[in-house]
Each structure stands twice: as C-alpha cells, then as structure tokens.
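Throughout, a chain's letter reflects where its sequence line sits, starting with A, and its residues are numbered from 1.
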Amino acid sequence: MLDKAYNPQAVEDALYKKWEESGAFRPESCDPKGEPFTIAMPPPNATGQLHLGHAVMLALQDIFTRFARMRGKKALWLPGTDHAAIATENVVIKKLQKEGMKDPRKELGREKLVQTIAEFVEESKATIRGQVRKMGASCDWTRERYTFEPTLNRAVNEVFCKMKNDGLIYRGHRIVNWDPKLQTTVSDDELVYKEEKGAFYTFQYGPFQIGTARPETKFGDKYVVMHPKDKRYSKFKHGDSFDAEWINGPVRATVIKDESIDMEFGTGVMTITPWHDHTDFEIAERHGLEKEQIIDFHGRLLDVAGEFKGMKIDEARPLIVGKLASKGLLVKTDENYVHNKAVSQRGGGSIEPQIKLQWFIDVKKQVVPWKGQKMSLKEIMHDVIHHGDIKIIPDRFNKTYFHWIDNLRDWCISRQIWWGHRVPVWYCGKCVDEKGKSKEVISGEWLVASTATHHSPLTTNHCPDCGSSMDQDSDTLDTWFSSAMWTWSTLLDPQKAADPALSLAEMLKSSPDFQKFHPTSVMETGYDILFFWVARMILMTTYATGQIPFKTVYLHGLIRTRDGRKMSKSDPDTMIDPLDMIAKYGADALRLSMIVGQSPGNDSRLYEEKIAGYRNFINKLWNASRFVLMQCEEKGVDPKKVVSGQWSVDSLSLADRALLHSLQTLIADVTSGLETYDLSATGDRLYSFVWDFFCDWYLELSKGEANPEVLVHALRTILQLLHPYCPFVTEELWSHVGLKGAQSLIAHPWPKEEKKLHDESAFADLHVIIETVTAIRRLRAENDIEAGKKITVFIHSKKQVALLTSQQEHLLRMTNAESLTIDAKSAKHENAASAFLADIEIHLSLAGLFDPVKLKASLLKEQADLSKYVTMLKGKLSNNSFTDKAPQELVDAEKQKLEAAEEKLKKIEERLLGITG
RNA sequence: GGGCAAUUAGCUCAGCUGGCUAGAGCGCCACAUUGACAUUGUGGAGGUCACUGGUUCAAGUCCAGUAUUGCCCACCA
C-alpha cells in the first residue's frame, strides 16, 4: 500500500535513472514509423548553475516532448551546453584574479588560459547535467552536444568559409562597439543603455557654437556639420574652410552639409568625431572625410591630445573644459543634461565606439539562393516569418522581429577574447602586399583554411602559394555564430564531420540524424533572446542548409518575484533556486507552478506558496490513487490485472457513466490543448478535473458503491494525461495501477477518446445530484446544524423523482441525513428550512431549531436577486431586436433560463407566505 | 521619439474568434478531525472587469481616446 503522503525525494532520482537506462529518451525507442518530432534544447551556458529560466524552459520542452512521444512520434530532445565565449572567459578570469592572479591573460598566456577555461567548463557541464536531470527532462543524453566541440567547430569553419567565398563575410575597418574593460568588441545587441545625468557644454568653434557632452573626443575635430536647409547658416557653403582657435591651438576646419543633422537640436551645428561615434562615422563615410583615433583601446587619450595624452577620459574631461573656458571658448554648461550611455551587457563597462579591423557578415548582399531567387540574409529572415514558414507564438512578436530586421546592420562577428572558435583564417607573412601596413585589408593577403577542397582543421599551416608558414587570425568568433547553428550542427554525424574530404553539403547529406530530425519542430526559448539567437539561427540555418531551423517558435516570459521584480544574483533574497524547491516540494510541483497560469510571451511571478499549492495537488492525486488501491483491495481486485473497458455495461452506476463521459471530453480537451501549445489552460483543466470532479464527487460517490474496474481505468487515464506535466508522480503511481506487463508510462500510448463512452444524460443527471447535495449542505451550514447531527429531508420534484430515488443512498450518505422523502407533489413544511433549485425543492426539517427570522431573511435576499434576474431576462426576451437578431439557440436558452428562474421564484414566494412569526 | 504589452476579488492570475446573474488558487470568515488526503473536508464573504466615448440586439471580451505601470527598439552632437 502507498504511504500516506507522497514523498518525491524517495522516488524521483530512481525513476529518472530507470527511464534513462531503459533508453526511453531515445527516439530509437519510439515507434519506428512515427513521424519525427525534434526539439533542440537551448544550451545553458557552461558557466555554472541552473536557474529558474532554465527550469521553465525544461518544463515546457519536456511537456512537448513527452506528449509527442506518447502520441507515437519519434521524439528527439537534444541536450547540450554553450561555451558562452565572453561570459565564460570573464567568469574564469575573475575567479583566477580572486585566487590572487593579477593578470591571468598575461601570466598564463593563450594556450594555458584556454586550457584552464576548458577544465572549468567540464566541471560546470557536469553540474548542469545533474540539474537538468533533476527537473525530469526526458532528453536524449546519448546525443548531448557542446557548442565548442570538434564537430561544431568543423561546422563553424565550413560555414565561415562558405560565407567568405560567397562574399558574405568581409574584413574591414568599421566602427564597432569596443569594451575597454573586457578588451573586445561586442555586437549591437550586447549593449544596454543606461540613463545618465551629465554636463552638456556649448563651445565657440570659429564662427559656430557647437554642443557636446564629450569634450574629450574633440581634439581632432576639423569638420563642422549642418543641415543644408538650415537658413541660419546659408552663407556657409559645403566645403568652405575657416580657422578656429581650439583646445591645443589653432585648427583649420571645413564646413560639411548633411541631412542627418537635426536643426532643432542645440545650435544645429556639430563637429564630428568619426572614430568614436556611429553617426559621425556614417557622415564621414558619406563625404569621404578623414578619421582619426583620439582614444586608445584602454580608454586613454592619444598623442593628438597633446598635454592630455595618456590620461583617462574621466580625469581629462574637466581639465579640457577648464582649458577651453580659460581661452574664453566655453559659452555655457548645462549640468542637467540626460543622455543614454552605452554599457556592455556582459562586463558592465562603458562602451567606446572605435574603428577597428574586424570581420563582418554582410546582411544586405543578395547572393543567397532561397525559394528560387537570390536574396540577402536580411530578406530571407524576413521572408520565412512573413510567409509563415516559421510561426512565432505569441504572434505579436512578429512585429518586433520585423522591426529588428529592418534596422539590422552588418554583424560584427570577431572578438578579441581567447575562449571560442578561432576565426579560421591564416595569414602568410611573405605573400603580404608590399604596402603591408595599409589599413584596408584586401583579399589575397589572407587565406581561409580551405578555400577550395581542403577543409579545416588545416593539416598544414604552410602557405599554398609560397610554402612558408602562416599565422592564424588571433580573434575568436562571436559566441552566437556557433549557437546560430545549433539546430543542425548538433545533428551532424561526428565521423562525417571529421572527414576533411567532405563539403558542408556532403556532411549534411550523409548525417542520418540531420536527414531525419531537421528542421526541428519547436524552438522554445525566452523572448529576451529572440534577436540574439532565434533570428540568428534563422539566418545561419537557411544559409547553411537551405532549410528553416524550426517550424514553431514558442517564446516564454521571464520569471519574476512575487512583487514583479527581476530575480538577480546580486540580490540573493529575490532568488528562488529551483534545486531548493525540488528538494522541498518535488520537481512535479515546481513544474506545474511555472506552467499553469502562465501564457507565452508574458512574464510571470513565482513564489513559494504557489509551488506549495501544486505540491498539495500532487499529494491529492497520490491519495486519490491510494483510495483506488484500497477499494481494489477491499473488493479483492488486483488493479494490475484490470483490463480497461472490460466491465459489463449494466454494472455501471450513474456516477460511473458520468465519469466515463467526462473522461472522454477531458481526453479531447487535453489533446487539443497540448497540440496548440495551450499549456496553462490545459494544466488547469486537469487540475480541476482531478480535484473538483474526480476526488470531490466521483470518489466520494464511490464510498457508497465502488466499481474497481472503472476506478482503475479512470485513474490510469488521468495518469496518462498528466504525465507530460508531472512525470515523476504519475510514473510512480503507474507502477501500482498500470496493467501488468504494460510499458512504463513514459512510453505508453496516449489515451484515445472513445465516442461510445459519451453519455451526456448521465453527466447531466449527476449534476442534478451534485446540486441537490450542495443545497442540502448549505441549508445545514446556514442553520448551524452540526455536521454530525442526523437530519430529516424532504425533496419534491416534478421531473426528477426517479433519478433522485435511484440515488437516494448517496444523498443520504453525502448529507448525513437520517430520513429522506422524495415525491413529486409539493407539500407544506412547517418548521423547515427550504431551498429551491429549478425543479427541485428541498426542505430540511428543523424541529426545535427552526428560526423563521433567519430563513425569511435568506429567502428574501434570494427573492430579490432572482427578481432582478427575471426582470433582466424578461427585458431581453421582450426586445425584438434581440429575438430577431440573436441566434435561435441563444434565445431558446434564455427562455429556458427565464422559465426556471420564474418557477424557482414562485416557490420561494410561496414558502415566504408560509412562514409564520 | 517609435513600438509592444498590462490594468478583472486583499494577493497572483484565468476568461479563445462578443451571449457571464464575472471564475480559479492563495489569503480571509464559520464549521468539521479515528482510515484516500489537515499537503484535508464542508459552507461562506469579497469585483460598478482603470477611465471616457463608440460599434452592436448584446461588450470584461471589438474600436478610438485618456491615465497609470512594465518591457523592447532607436537615439540628438
């Protein structure tokens, strides 16, 4: 027999082990004829701990996967981890610094640092694996992948090479976001803007007044820009030059007219610093202007700053302003100027735009074959969503996505960190152009490892042209470059990927998993990485494989604290650790608490009471099962031998028939709910079915007459339907009630709706009984009759005498009544409390306890409510527009409502007349 | 500046394509305790569905506007 309470700790780990060892997570265990269903698990960063964000994605994806598996699909959920380039390198460097190393990069050197990080990552991966298992995730561990493993490196190199050959990857001096703290570039999406209050200065610059919040960048300024239509400056012509006294002496400046200038802002004139500002850079590019670096890569001023050379920006700024002021060039200072400062999302440091020689992906070049045309990466990304090849849930994110695509600039993919896929490019020192130092890099100077047939890893680092040894590009690739290939690179056959003779297309073609499982079915992830990752997977996958990466994108929201704050590591009080919650309440309870009541794309709040509530539900299910087993024992029935459906129809009680009916609608609802990814409502449906119907009514009725076969059948169906949500408790219970010899629940087929078990009238009849019982109980409570005291009840009903009589044993037991009289004719009852349903009147004899005042008051209130209701209905039905235009069924339904309400009202009024005193 | 969302019981949220005397969980009040379950049961109280207009026979549900909150994007020197 089961324990009194469910103890998740006692069963979860063992069950998981059993599943995993049985091979149940592998698609090979599924029906070989089943259609494939694939989810690529978003790889957690291999930096450390599982948090609630992971927990919610694991819960959702596990539900999708288990449902698909039970429905006979060949389900593959492929797990893995991400090397998370910048984040991981950063974590390890900080760790080393904490341990006393001053500058780990210098002290260890590239090779050793990478080695150290790799070791750290291995440990971290092991932690993550354990945590994913704790959640009950039914992913195929035999196919686990890592974004920085050799197979994926091969994919990265191949795609890089292909893009380079297609002219989609180029190397150039462009303005990039430089993070002086982390000493690397970061992409546009890795910036966050922080509002900052600071000074805004206006300086005299020759005949103009110019405004700036960044005087320290102004040393090299030699262009003033204004709008061509600005009448104030119409006497200055484009290309005019003039002399001006400036920070370190006189300069000669040139007038530039450009339409990007906002005439309303400040004086409508500005000087530009193309090296350190995106907009200025674009202006300079448009007009072919000179660019000069002012600030070095450590955030210090260069030679051009003269006496300020070598100073940090923050210390130099006030001194520069002071100097200009002393020259009489400071016109005014606005101290309360608010501007947005770009900050690195990872490192938190200020971003300094710099011009740097970097690698970029061209998103506008129309060279990619797609749907029979040549399109740009941008266009393809737009197309697949626009034409519904990929569906985003919720669809409002389409709009955000399109907006992002529209503003997308070329993607800077090179990083100056050491941890990550190396840019697969070698340089031959000898073959370098004579003008070697020229800033514009040209093709021919470099060689991709494998321009033609020999693919990386390069077997030799000798230059194919001159034979001398070459150096590899020292940069690594943006971590999203490899993450973007996740759906398909993980399906490559590692052996094929290790074969240098194969091209990318050949590798894909000869990898069985790729052929079988790609495109994947669903990509489930947080909406916060729609741009970072989802969009880039679309870019990379359509380009590299000619396929979409996934058919559906399901975006979940963020988990917040009870009061709506973001959970953050810096504020431990706000953090809920999923592992703690699992230890305390079980994985099933945690899963439900993150799924039910949540809708895709919306943030949700989680707090411990919520999890405890679902723990209670799990326990309820446990005890319901316990009851079923007890009933079986009592009747001498072995639950494991019960064959569903093998009961004689005559033996079925009203409750049995109503239950079988409602199980069919439940199966239909849950199936369609899961098919349409409506997890919240479906979870809620199951919750209330189990608790409010199965436990509260069916099991209670079973205490009068139990049918063990039906009990077992119903419980099995419930366990099956709940299994995707709560895999552990359902599997554990299944081991007690599942048919002997049947598969584990995880591998068990999904229940099918059986039309022949539908029985609307039984269901309706049961509701009459339920309402009657509830009404009697209410009378009891309202009249303060102790629960233990036996009562005498009279029921009168025109139409339901047969039904009520047939169920009178239940009525007696469930209301703890001593005597029950049921007849069709209404009768007067003195000293009785009364309640009225549509066609049923109930009188509770209260000899000695009868309180006419109380009864009158309650009947009067009900009378008032009912009259209002009747008036409303009458108004509706006497309105011709309503009866003419509303659908006939609705009008009929309203008529019936009115009839019932009027009848009830009449009864109440009669009873009121009968109350004396 | 542009966009997206939210605003329903004390709290957290459901309420799909308009038909609801507006629901759930938690909390609250009253009662109940020897066998499924106190991680419980029974009954109850709690809401002019942010505001203003409009469409409609009918609006929490659709439209427009307002207010408040949150998020995303862009960015002005």
Side-chain angles (χ1 to χ4, degrees), chain A residues 1-2 4-6 193 200 210-214 217-218 225 260-262 264-273 277-280 283 339-340 342 394 396-397 399-400 403-404 406-407 527-528 530-531 557-558 560 562-564 585 589 596-599 601-607 609-610 612-631 676 678 680-681 684 687-688 692 695-696 699-700 702-703 774 777-782 784-788 865-866 868-870 872-873 876 879-887 889-891 893-894 897 901:
Chain A
M1 189 44 62
L2 300 177
K4 249 186 118 165
Y6 173 56
Y193 289 94
F200 185 77
I210 54 145
T212 182
R214 303 206 51 192
T217 65
K218 296 285 152 198
V225 192
S260 67
I261 299 297
D262 178 0
E264 308 293 312
F265 187 86
T267 56
V269 183
M270 67 174 194
T271 62
I272 55 166
T273 313
D277 186 282
H278 286 92
T279 322
D280 294 3
I283 294 172
H339 69 277
N340 283 322
R396 62 184 150 86
F397 280 98
K399 212 167 169 175
T400 340
H403 183 252
W404 180 81
D406 291 343
N407 290 301
Y527 66 77
D528 52 329
L530 178 62
F531 305 142
L558 263 51
R560 295 173 172 275
R562 179 179 205 125
D563 44 353
Y585 303 104
V596 180
Q598 266 57 326
S599 45
N602 292 327
D603 293 353
S604 60
R605 304 174 186 206
L606 186 68
Y607 40 87
E609 298 98 293
K610 215 185 235 181
Y614 288 104
R615 184 269 320 263
N616 297 353
F617 169 71
I618 302 283
N619 190 240
K620 188 78 182 175
L621 177 70
W622 179 264
N623 274 288
S625 310
R626 192 164 174 256
F627 175 79
V628 171
L629 292 173
M630 283 175 164
Q631 291 298 322
T676 54
D678 187 6
S680 175
D684 202 43
Y687 180 101
S688 68
D692 303 337
C695 291
D696 287 355
L699 293 188
E700 288 303 319
S702 294
K703 288 175 183 172
T774 308
R777 283 173 176 169
R778 191 182 306 131
L779 284 177
R780 204 185 240 288
E782 279 170 1
D784 299 326
I785 301 169
E786 295 160 45
D865 291 347
L866 214 47
K868 239 194 269 171
Y869 185 46
V870 166
M872 190 271 282
L873 288 172
K876 218 175 188 178
N879 181 348
N880 288 338
S881 332
F882 173 72
T883 47
D884 292 351
K885 294 189 182 171
E889 304 122 57
L890 189 74
V891 177
E894 298 293 297
K897 278 188 202 165

**OP:** Just call it for T883(A): base, sugar-phosphate, or nothing, with non-hydrogen atoms closer than 4.0 Å on any strand.
**Re:** nothing
Subject >> A67(B) versus G53(B) - spacing of their C1' atoms, nearest Å >> reply: 15 Å
Subject >> Whole-Å distance separating the CZ atom of F617(A) from the P atom of G25(B) >> reply: 12 Å
**OP:** Determine whether F627(A) and K703(A) make a side-chain contact, defined as any pair of heavy atoms from C-beta on separated by less than 4.5 Å.
**Re:** yes
**OP:** Find out whether H403(A) and T400(A) are in side-chain contact, i.e. whether some heavy atom of one side chain is under 4.5 Å from a heavy atom of the other.
**Re:** no
Original post:
Among the nucleotides C71(B), U39(B), C76(B), which one has an atom lying closest to any side-chain atom of R560(A)?
Top reply: C71(B)
Subject >> Nearest-Å distance once atom P is located in both C26(B) and U40(B) >> reply: 8 Å
Subject >> Y869(A) six-ring centre to K897(A) NZ/CZ under 6.0 Å and within 45° of normal >> reply: no
Subject >> N879(A) (side chain) and C57(B) (base): donor-acceptor pair under 3.5 Å >> reply: no
Original post:
Could you give the CG-to-P distance, from D678(A) to A14(B), as a whole number of Å?
Top reply: 12 Å
Original post:
Does K4(A) have a side-chain nitrogen or oxygen under 4.0 Å from the phosphate oxygens OP1 or OP2 of U40(B)?
Top reply: no
Subject >> Nucleotide pairing, RNA chain B (Watson-Crick or G-U, distances under 3.5 Å), in dot-bracket with [ ] and | >> reply: (((((((..((((.....[...)))).(((((.......))))).....(((((..]....))))))))))))....
Original post:
Does any non-hydrogen side-chain atom of L2(A) lie less than 4.5 Å from one of L629(A)?
Top reply: yes
Original post:
Can a donor-acceptor pair under 3.5 Å be found between the side-chain atoms of E700(A) and the base atoms of A36(B)?
Top reply: yes
Original post:
So what does R615(A) touch, heavy atoms closer than 4.0 Å: a base, only the sugar-phosphate, or nothing?
Top reply: base
Subject >> Sugar-phosphate, base or nothing in reach of K610(A), heavy atoms under 4.0 Å >> reply: sugar-phosphate
**OP:** Could you tell me whether Y193(A) contacts a base, only the sugar-phosphate backbone, or nothing, with contacts defined as non-hydrogen atoms closer than 4.0 Å?
**Re:** base
**OP:** Identify, between H339(A) and S604(A), the residue whose nearest nucleotide on RNA chain B lies closer to the 5' end.
**Re:** S604(A)
Subject >> Inter-nucleotide P distance (U17(B), U7(B)), Å rounded >> reply: 14 Å
Original post:
How would you label the contact of R562(A) with the nucleic acid (heavy atoms, under 4.0 Å): base, sugar-phosphate, or nothing?
Top reply: sugar-phosphate
**OP:** Scan A901(A) against the nucleic acid and name what it touches under 4.0 Å (heavy atoms): base, sugar-phosphate only, or nothing.
**Re:** nothing
**OP:** Using a 4.0 Å heavy-atom cut-off across all strands, classify G597(A) as base, sugar-phosphate, or nothing.
**Re:** sugar-phosphate
Subject >> Mutual orientation of the aromatic rings belonging to Y687(A) and Y614(A) [parallel < 30°, tilted 30-60°, perpendicular > 60°] >> reply: perpendicular
Original post:
Can you tell which of U21(B), G43(B), G19(B) lies closest to the side chain of L866(A)?
Top reply: U21(B)
Subject >> Between C4(B) and C76(B) - P atom distance, rounded Å >> reply: 24 Å
Original post:
Quantified in whole Å, what is the P atom distance between nucleotide G27(B) and nucleotide U42(B)?
Top reply: 15 Å
Original post:
Between the base of A36(B) and the side chain of K703(A), is there any donor-acceptor pair under 3.5 Å?
Top reply: yes
Original post:
If we take the P atom in both A32(B) and C51(B), what is their distance in whole Å?
Top reply: 42 Å
Subject >> Short side-chain N/O contact to C76(B) OP1/OP2 from T279(A), under 4.0 Å >> reply: yes
Original post:
A5(B), C37(B), C20(B): which one has an atom nearest the side-chain heavy atoms of K897(A)?
Top reply: C20(B)
Subject >> Residue-phosphate contact under 4.0 Å: R778(A) side-chain N/O, G44(B) OP1/OP2 >> reply: yes
**OP:** Starting at atom CD1 of I785(A), determine the distance to atom P of U42(B), rounded to an integer number of angstrom.
**Re:** 18 Å
Original post:
Can you check whether D563(A) reaches Y607(A) side chain to side chain, under 4.5 Å on heavy atoms?
Top reply: no
Original post:
Which part of the nucleic acid, if any, lies within reach of E889(A) when heavy atoms closer than 4.0 Å are counted: base, sugar-phosphate only, or nothing?
Top reply: nothing
Original post:
Syn or anti for G65(B), with syn set at within 90° of 0?
Top reply: anti
Subject >> Non-hydrogen side-chain atoms of M270(A) and D280(A) separated by less than 4.5 Å >> reply: yes
Subject >> Aromatic ring of Y869(A) stacked on base six-ring of U21(B), 5.5 Å, 30° >> reply: yes
Subject >> Short side-chain N/O contact to U40(B) OP1/OP2 from N623(A), under 4.0 Å >> reply: no
**OP:** Report which part of the nucleic acid S680(A) touches: base, sugar-phosphate, or nothing (heavy-atom distance under 4.0 Å, all strands).
**Re:** nothing
Subject >> Integer angstrom distance from the P of G60(B) to that of C16(B) >> reply: 13 Å
Original post:
Checking all strands, does K620(A) fall into the base, sugar-phosphate, or nothing category for heavy-atom contacts under 4.0 angstrom?
Top reply: base
Subject >> Most 5' of E894(A) and K885(A) on RNA chain B, judged by nearest nucleotide >> reply: E894(A)
Original post:
Is the shortest heavy-atom distance from the side chain of Y527(A) to the side chain of L558(A) under 4.5 Å?
Top reply: yes
Original post:
Looking at side-chain heavy atoms only, is the closest gap between L621(A) and Y6(A) below 4.5 Å?
Top reply: no
Original post:
Which is true for S688(A) with a 4.0 Å heavy-atom rule: it touches a base, it touches only sugar-phosphate, or it touches nothing?
Top reply: nothing
**OP:** Report yes if a side-chain nitrogen or oxygen of S599(A) is closer than 4.0 Å to either non-bridging phosphate oxygen (OP1 or OP2) of A14(B); otherwise report no.
**Re:** yes
**OP:** Considering only atom P, compute the distance from G35(B) to A45(B) and round it to an integer number of Å.
**Re:** 29 Å
